[in-house]
Amino acid sequence: MTFHKKSLQVMDCLASQLWAKYSPTFKKSNERQWDNDPVTYSLNCWPGELAYFWIGRIRWRYNQDPDFWSGFDDSEKSVIRHFVDDEGDFSRPVWTALLTYINMLHFLDRENTESWLPNLVEKAGADFIWNVLLPYPDLNNRLISLAFYASCLDEFECLSHLDVYKRQGFFLQVFRMATYAELDEEQRVRLLSKVMTAGDGVYAALFMDQVAWAFEFRLDSKDKDMVWDLWLHQFIEDRHAGKGRNWSEKERIAFAKLIPLLDEHFAEGVQYLSDSFPKIADHDFNELIMIDNFDNIPLKNERACIDFYSLLIKRHGDGPVWGVQELLQKLSNRFGFDEVVPLVSLAKQKRMISNTWVLFPKKEMHGGGKEGEA
């Protein structure tokens with residue numbers, strides 16, 4: 001879409017006049033219904049729509065000629081400064097727009113964005129900021145260092161105000177911040193200590209669930225090694241030792257679900273639960289027996305893997321459990337028939353599987369394309 005310079009000036013003038021004349025008289029209505037959805041509220045009131053207009057204008061100008069981009073023009077700088085500095089019922093909708101696109105704005109004009117961002121963060125407060133950004137905050141490392149690391153620490157005091165979905169997003173952001181942000185050791189330790197102490201430890205298991213999700217769906221083996229060496233190993237060491245607060249049953253269950261995803265560090269992970277293996281049942285148990293990444297577990301960890309699933313089965317109640325047969329067959333295919341036979345006997349003792357069930361030796365392809373026992 002092409003605009004003449006004159007047309008752009010007319011739209012700028014109209015938008016500026018609209019803000020100057022009507023922003024002081026804007027009154028929020030039924031805002032409470034949008035308490036947990038400030039983005040939708042900002043899209044459904046005229047101050048928010050006006051803020052999105054200016055952000056769209058900035059993006060449109062950049063797209064016209066990105067090779068010769070030189071940052072925000074005077075009109076854009078002026079209106080953003082009004083959005084941040086002016087105060088009234090219009091503030092939260094326009095702050096929402098700025099926060100939603102903060103990464104883009106910073107990319108397009110780092111110097112200008114950094115001139116007003118600290119003031120915006122101070123005025124808006126952590127509770128509001130993270131309610132806007134979650135569940136998928138888009139923050140570069142510079143923004144984290146400049147404002148959002150400190151804001152994240154403050155948000156630990158407001159987590160009860162978030163719904164479950166946003167809370168999950170917050171702890172996934174904590175994982176990313178601990179892993180990828182340019183934090184020094186003291187900052188990382190402070191961040192992770194908040195995980196253990198916020199809400200008297202009630203969120204610690206949720207954090208570990210998000211770590212497990214990242215390990216399963218976002219990290220390859222090299223990245224897993226990096227996270228383990230950078231902070232996760234020490235974090236689990238401290239939890240095992242009860243530093244900060246006791247290692248709860250829920251936390252240990254969440255960590256147990258992470259262990260099969262540790263790949264090279266599987267055996268190390270099992271050691272931390274060897275003296276305090278939790279009782280795992282229902283959905284958590286099903287998650288663990290349905291793990292499908294045994295090929296990523298090094299053969300050197302076969303003993304640790306068999307021990308882990310032996311503990312899992314021992315701590316479970318007696319009675320049939322769907323999926324155990326498939327688990328045993330996968331373990332046999334990966335680590336060998338003889339290694340898994342004792343585990344089969346244990347599962348039969350616990351009546352998880354029928355006494356007549358038989359473990360099959362792994363089938364492999366031989367010369368000529370014929371199957372044979374391994």
Side-chain angles (χ1 to χ4, degrees), residues 1-66 68-133 137-139 143 146-148 151:
M1 184 181 294
T2 302
F3 290 103
H4 294 296
K5 185 175 182 180
K6 182 64 175 177
S7 299
L8 201 59
Q9 290 174 343
V10 170
M11 287 190 292
D12 291 352
C13 183
L14 180 61
S16 298
Q17 289 176 356
L18 183 65
W19 180 261
K21 184 174 182 178
Y22 294 106
S23 61
T25 61
F26 173 76
K27 298 298 180 184
K28 59 189 178 185
S29 60
N30 299 322
E31 188 186 15
R32 287 189 62 82
Q33 67 177 305
W34 306 109
D35 278 353
N36 200 44
D37 193 1
V39 175
T40 299
Y41 178 62
S42 71
L43 291 167
N44 285 275
C45 63
W46 75 257
E49 290 185 85
L50 191 66
Y52 288 117
F53 160 77
W54 280 102
I55 292 169
R57 178 197 191 280
I58 291 170
R59 181 165 49 192
W60 175 83
R61 276 206 319 112
Y62 171 76
N63 289 334
Q64 295 309 296
D65 202 350
F68 292 93
W69 176 256
S70 58
F72 304 154
D73 64 23
D74 291 341
S75 296
E76 293 158 352
K77 291 177 181 177
S78 175
V79 76
I80 291 176
R81 181 58 68 179
H82 277 294
F83 287 160
V84 175
D85 292 346
D86 296 352
E87 294 189 25
D89 283 4
F90 52 78
S91 294
R92 290 200 165 197
V94 298
W95 292 347
T96 296
L98 295 176
L99 288 166
T100 300
Y101 286 95
I102 192 64
N103 204 52
M104 183 194 81
L105 294 171
H106 187 254
F107 170 76
L108 294 178
D109 195 326
R110 173 172 172 159
E111 181 179 354
N112 180 262
T113 301
E114 292 186 8
S115 72
W116 50 258
L117 179 59
N119 190 25
L120 172 60
V121 168
E122 182 180 357
K123 283 186 168 188
D127 188 16
F128 177 76
I129 288 170
W130 290 95
N131 204 19
V132 170
L133 294 176
D138 184 15
L139 302 169
L143 288 173
L146 182 67
F148 291 100
S151 179

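Positions are given from 1 along the sequence.
- Y62 pairs by the ring pair (Phe, Tyr, Trp, His ring centres under 6.0 Å) definition with W69, not counting sequence neighbours.
- One distance of note links CG of L108 with OG of S70; it measures 11.0 Å at 0.5 Å rounding.
- Residues N112 and E76 fail the side-chain proximity criterion, which asks for heavy atoms closer than 4.5 Å.
- Between R92 and Y41 the shortest side-chain heavy-atom distance does not fall below 4.5 Å.
- Side-chain contact between L105 and W116: present, with at least one pair of heavy atoms (C-beta onward) separated by less than 4.5 Å.
- Atom CZ of R59 sits about 5.0 Å away from atom OH of Y101, to the nearest 0.5 Å.
- Taken to the nearest 0.5 Å, the OG atom of S42 stands 12.0 Å off from the CG atom of L50.
- Around CZ of F128, the count of heavy atoms belonging to other residues, nucleotides or ligands within 6.0 Å exceeds 12.
- Taken from CZ in F53 to CH2 in W46, the straight-line distance is 13.0 Å, to the nearest 0.5 Å.
- In this structure, L120 and L99 have side chains that are in contact, with non-hydrogen atoms separated by less than 4.5 Å.
- Nearest approach of P93 to D89, heavy atoms of both residues: CD-O, 3.7 Å.
- Every residue two or more places apart in sequence or in another chain that forms a side chain to side chain donor-acceptor pair (under 3.5 Å) with S115 is listed here: R81.
- No donor-acceptor pair under 3.5 Å is formed between the side chain of N131 and the backbone N or O of D127.
- The shortest non-hydrogen separation linking S151 to W130 is OG-NE1, 3.0 Å.
- Applying the 6.0 Å contact sphere to CG of D74 captures no more than 12 heavy atoms from other residues, nucleotides or ligands.
- In this structure, CG on D73 lies 10.0 Å from CG on D109, to the nearest 0.5 angstrom.
- For the atom pair L98 CG and L117 CG, the distance stands at 9.5 Å (nearest 0.5 Å).
- Side-chain contact between D12 and W54: present, with at least one pair of heavy atoms (C-beta onward) separated by less than 4.5 Å.
- With sequence neighbours left out, the side chain to side chain contact (heavy atoms under 4.5 Å, CB included) criterion links T100 to V39, Y52, T96, V132.
- For R110, the salt bridge (Lys or Arg N to Asp or Glu O under 4.0 Å) partners two or more places apart in sequence, or in a different chain, are E114.
- Within the 4.5 Å cutoff, the side chain of F72 has no heavy atoms near those of the V79 side chain.
- Taking the side chain as every heavy atom from C-beta outward, I102 and L139 approach each other to under 4.5 Å.
- Residues passing the salt bridge (Lys or Arg N to Asp or Glu O under 4.0 Å) test with E87 are K123, sequence neighbours excluded.
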Atom pairs and distances, donor-acceptor, side-chain atoms in residues 19-27, under 3.5 Å, two or more places apart:
unit_1	atom_1	unit_2	atom_2	d
W19	NE1	D86	OD2	3.2
S23	OG	W19	O	2.5
T25	OG1	Y22	O	2.9

